[in-house]
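These notes concern the structure reproduced below.
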Amino acid sequence: MNFDEQIDRSLDGQLNQDEWDSLQKAILADPELRETYVEKRWLHAHLLAQSDRLPTLLEVSEKSSPVQNRRPYLWLNAAAVILFLGWVAALSFRSEKTPTVATLIKAEGCRWEASDLPTREGAKLGLGTLALAEGMATILFDSGATVTLEAPTTLEVTSAMHCQLVEGSVVADVPESAHGFTIDTEKMKVVDLGTRFGLTTNSLGGSQVYVFEGEVKVHRGDQPEAKHLLTGKSMHTGMSSTAPGQELDRSIERRAPKAGNWIPITTATGRGKDGYIRRGDAHGPASRQPVVMVKHTDLAPTNERRGLLTFDVASLGGAAIADAILTLKIESSGLGFATMVPDSKFAVLGVLDPAIDDWREDELTWKNPVAEMTAENLDPSRYVQLAEFEIKKGSSHGLVEVSSESLNNYLNQRKSDLISVLLVRETGEMDEQGLVHAFASKEHPTGQAPTLWIETTSSTK
């Protein structure tokens, strides 16, 4: 929001009550904005008080006594200054009661909810709560510690050396100057001993900490003594254990993508199905889960994941397709950290062999794949690339829409009533704790299942 413009409009009485209330809250929360407002208000009052002199200054000959004309404005100015100084004193008193302890140094593309601290990039932060609904944001504490929030996350700032993670995930980088920096969750206290660590907690109180580098001391409410964790080690409470090298666990209306006569076909339609495979999964098939997980990594190969979607297009008969759009609803996987993965590119590949479409959800695993879908270089006689898409770093929600001439041609050349596509992430990660991307499956309780939106040539006439 352009607060400079808002301030100028407020001085001219152009703000409605909601806008004025919002501006007041922002001014009270941000010392720099407060200073800007004071300067603009003083200049405005001063110009108003001296407005009677302007005609006199512009005239070559003085026609009336400026002293006499100025007298009423001076009284008004004096009264305004007295009131204004009182208001500034009140703001200063409030500022002294809530000193700033950190700075929001990065908040690009973020959406906030129920935060009582300023959320604009560069804002100084006092004591209070930040609730990040979308995106990633980074806080630099005055102690030197840096904490990155990954949506959805709620964090309470309590001092330059302490904060509380109410819910969500953070990654902390703590230099030697901030030795002892502490982050609490409901059931865990993590004290830094010069390190970089990730911490996550859910609404049920389950928490996990993972040390990327260095050492932390962890106090758990259910254990009498603190434990020290070194690089590569993790600790959990209220959650299932994390195997070595596995990502840290982070514990949910269909509409046409554009105007026209579009037919939606989901993976829940007819004989449709969806699922994913994980290289190191020893627990059997990962189908019939709320999300389809996809990940690429060279740092922890057992965490590689690929998704497979099959659509039943029998309802189209032999109709030619004029246009098609594949939509995927991004969901939180609850695994890994977005901080460890850059903007990520994905490939959508069409399966060319109709025999592959008969795969079974209860049999699909990395050790029992279909059509060599686990190969590093996929066989071009079995797969054709239909499209690519990108998910920006920190995007944990939203809708992906994929369309291309290749997708249209692939659908028009279909040889059966089942159409299958493979989802592969092409972008790697900076750490084995990198984020696992996920998309709502047909089993997801609220998210839209993978959907093919089809517009046939007959519907366009």
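What you see below is based on every heavy atom in this structure, not just the backbone, and it leaves out hydrogens, waters and symmetry mates.
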Legend entry - Side-chain ion pair, Lys273 and Glu443, N-O less than 4.0 Å: no
Inset, instruction - Examine distances only and state if a side-chain atom of Asp343 and a backbone atom of Lys393 form a donor-acceptor pair shorter than 3.5 Å. - result: yes
Inset, instruction - Indicate whether any N or O donor in one side chain lies under 3.5 Å from an N or O acceptor in the other, for Asn303 and Thr297. - result: no
Legend entry - Flag for Thr185-Ser207: side-chain donor and acceptor within less than 3.5 Å: yes
Legend entry - CZ (Arg111) with more than 12 external heavy atoms under 6.0 Å: yes
Inset, instruction - Give a yes or no on this: more than 12 heavy atoms of other residues, nucleotides or ligands lie within 6.0 Å of atom NZ of Lys233. - result: no
Inset, instruction - Please report the closest heavy-atom contact between Pro380 and Leu352, naming both atoms and the distance. - result: O-CD1, 3.5 Å
Legend entry - Side-chain donor-acceptor contact under 3.5 Å, Glu432 with Tyr210: yes
Legend entry - Test of ring centre spacing under 6.0 Å for Phe141 and His162: no
Legend entry - Minimal non-hydrogen separation, Leu127 against Ser159, with atom names: CD2-N, 4.0 Å
Legend entry - By side-chain hydrogen bond (donor to acceptor under 3.5 Å, both in side chains) - contacts of Gln289 (at least two apart): none
Legend entry - side-chain hydrogen bond (donor to acceptor under 3.5 Å, both in side chains) involving Gln413 - partner list, sequence neighbours excluded: none
Inset, instruction - Could you point out which residue of Glu426, Glu429, Glu304 forms a salt bridge (Lys or Arg N to Asp or Glu O under 4.0 Å) with Lys295? - result: Glu429
Inset, instruction - Indicate whether any N or O donor in one side chain lies under 3.5 Å from an N or O acceptor in the other, for Thr339 and Glu150. - result: yes
